[in-house]
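Notes follow the structure.
Heads up: numbering here begins at 1 and tracks the sequence.
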Amino acid sequence: MTLGLTTRLLHADHFKGVEQGAAHEPTHTAVAFGYDAAADLVAVFQGQRSGHVYGRQGSPTLGALERKITLLEDGTGTVSFSSGMAAISAVLLSLLRSGDHVVSSQFLFGNSNSLMQTLDGLGCPVTLVDATDAAAVAAAIRPETRLVFTETIANPRTQVADLAGIGRACAERGVLFVVDNTMTTPYLFHPSAVGAGLSVNSLTKSISGHGNALGGAVTDTGRFDWARFPNILDAYKKGPAAGWGLLQVRKKGLRDMGGTLSGENAHRIATGAETLALRMDRACDNALRLATWLKGQPGVSKVHYPGLEDHPQHARAKQLFRQFGALMSFELDDRRDLFVFLDALKVVIKSSHLGDNRTLAIPVAHTIFFEMGRARRDSMGIAESLIRLSIGIEDYADLQADFAGALAATA
């Protein structure tokens, strides 16, 4: 029987088999896992059989979530982490060595941008490029380049990377392509389709959806030949080369660095993921309708959303993604007071989060991108009046009325 995505997610635990016939894998809080025979414990430690040895490295609850993320991404395996930033950090710090070079999008989320600066300071130089232009990425690749990193849709200005072109450039040069899929989610896009070897997701965002659990994940898409990657340690060259990269991420990035996802949060995220398709359909529809409406309103000077036909990468987004996502941003004209506008919103929550069931708004230049300074913001196209929106699943009429009221308050 061929089942759809949501059906497979809903019944993933049930089909695998859960104790007592439960519909969900229960929340396992155990840190220690015992074995009757010492030889069995040794076999698990040495990777000769499956099992759990210590809660920092995983549990049945985390394993159930990882299977669901792998299913969503159509990948070969997943490692979960305590947050999306922990997942990105684990990839970079477990797979790179001093002297390795990284090419990264210049339109990165603020914390990811900060992490790239840290990486540069640790002896892995990072070149920031315009990822909407694959030729610029290809030109930046050097013999010592080990990894290219980009997001699908940039936060907050919604630039869409030339993912297919970058994938081809990486494949031609044997460079690992890592894609942060958070803004699109695996429901709207599979990075494997453009040749990415690893897909990273902040599970805190749309995959969970409810704003009640932090988490992150790294999924191997099966598209990269790890036998060509020079930094795999001999200890992790076990079995087929296809599994080497993710094994090193799990051992060095999770076990050694300790960014373990809790069982409670894993359970919340796993249950939230079951309704991902339904929530994303609603949020994307709300976002497109609101962006179209805002574009025609007095007091709004610019709207940034890939679903609008005048967006610079609209055609690319339409080709790559199932829908255009729930992230958008817009700029007020100079006559409107940014803070009066935001304070006039009654339904929309002023918050730094993304991918929530509730619509969220934040003044970008004054908060999440304040630390990088005016010059860097200008280079990224971030205006001082830019407001980022994460669109939720509210009734659309209520959202439009809320924004109409805020515009009226600043007229």
Side-chain angles (χ1 to χ4, degrees), residues 5 8-9 12 63 65-81 84 86-92 94-96 102-105 112 131 134 137 141 145-153 160-203 205-207 215-229 231-232 236-237 239-254 273 276-277 319-322:
L5 176 65
R8 285 182 288 154
L9 280 172
L65 172 63
E66 290 168 356
R67 288 191 295 273
K68 289 184 178 180
I69 303 304
T70 301
L71 188 160
L72 275 169
E73 284 282 13
D74 194 24
T76 61
T78 295
V79 181
S80 59
F81 294 88
I88 297 172
S89 298
V91 168
L92 299 176
S94 65
L95 294 179
L96 297 175
V102 173
V103 177
S104 173
S105 170
S112 299
V137 175
I141 294 176
T145 302
R146 296 288 173 262
L147 185 150
V148 171
F149 182 88
T150 188
E151 298 162 347
T152 51
I153 301 175
V160 180
D162 185 357
L163 297 164
I166 296 171
R168 288 191 294 270
C170 290
E172 290 168 0
R173 294 159 176 81
V175 173
L176 175 63
F177 185 21
V178 181
V179 172
D180 186 330
N181 199 25
T182 300
M183 290 300 99
T184 34
T185 78
Y187 176 63
L188 301 186
F189 177 66
H190 284 156
S192 60
V194 295
L198 296 178
S199 178
V200 179
N201 285 281
S202 171
L203 305 179
K205 310 301 192 300
S206 299
I207 289 178
V218 178
T219 300
D220 193 318
T221 69
R223 295 297 303 275
F224 183 70
D225 181 5
W226 289 101
R228 301 177 63 185
F229 196 72
N231 294 352
I232 299 298
Y236 306 129
K237 292 180 179 179
W244 293 355
L246 201 63
L247 179 61
Q248 184 156 311
V249 170
R250 182 178 292 277
K251 295 295 187 179
K252 305 301 290 184
L254 177 63
L276 174 64
Q319 181 181 24
L320 287 171
F321 310 141
R322 182 194 298 261

Starting at [atom1] of [X], measure out to [atom2] of [Y] and round the result to the nearest 0.5 Å.
| X | Y | atom1 | atom2 | value |
| --- | --- | --- | --- | --- |
| K252 | Y236 | NZ | OH | 4.5 Å |
| L276 | I207 | CG | CD1 | 6.0 Å |
| F224 | L147 | CZ | CG | 9.0 Å |
| L9 | L71 | CG | CG | 5.5 Å |
| L254 | S80 | CG | OG | 7.0 Å |
| R173 | R228 | CZ | CZ | 12.0 Å |

Practice prompt. Tell me, with the steps shown, if V178 and I88 meet side chain to side chain contact (heavy atoms under 4.5 Å, CB included).
Written response: CA-CA 9 Å; V178 181; I88 297 172; over 6 Å; no

Worksheet item: Among N181, T78, T70, N201, which residue meets the side-chain hydrogen bond (donor to acceptor under 3.5 Å, both in side chains) test with T219?
Response: T78

So does [Y] get a backbone contact from the side chain of [X], meaning a donor-acceptor N/O pair under 3.5 Å?
| X | Y | value |
| --- | --- | --- |
| Q248 | L95 | no |
| T182 | S202 | yes |
| W244 | G239 | yes |

Discussion item. Quick one, L246 and W226 - any side-chain contact, counting heavy atoms below 4.5 Å?
Written reply: no

Testing the basics here: between [X] and [Y], what is the closest heavy-atom pair and its distance to 0.1 Å?
| X | Y | value |
| --- | --- | --- |
| A161 | T150 | CB-OG1, 3.6 Å |
| Y187 | A277 | CE1-CB, 3.4 Å |
| A169 | I141 | O-CD1, 4.5 Å |
| F177 | L163 | CE2-O, 3.6 Å |
| D74 | H190 | CB-CE1, 3.8 Å |
| I166 | A134 | N-CB, 3.7 Å |

Worksheet item: Near R67 CZ, under 6.0 Å, is it more than 12 heavy atoms from other residues, nucleotides or ligands?
Response: yes

Practice prompt. Using the side chain to side chain contact (heavy atoms under 4.5 Å, CB included) rule, take R146 and F229 through it: C-alpha gap first, then chi angles, then the decisive distance, then the call.
Written response: CA-CA 8 Å; R146 296 288 173 262; F229 196 72; 4.3 Å; yes

Worksheet item: Could you go step by step and tell me if L198 and D220 meet the side chain to side chain contact (heavy atoms under 4.5 Å, CB included) rule?
Response: CA-CA 5 Å; L198 296 178; D220 193 318; 4.2 Å; yes

Discussion item. One pair to check against side chain to side chain contact (heavy atoms under 4.5 Å, CB included): L188 and T152. What are the steps and the verdict?
Written reply: CA-CA 10 Å; L188 301 186; T152 51; over 6 Å; no

Worksheet item: Quick one: salt bridge (Lys or Arg N to Asp or Glu O under 4.0 Å) partners of K251, sequence neighbours excluded?
Response: none

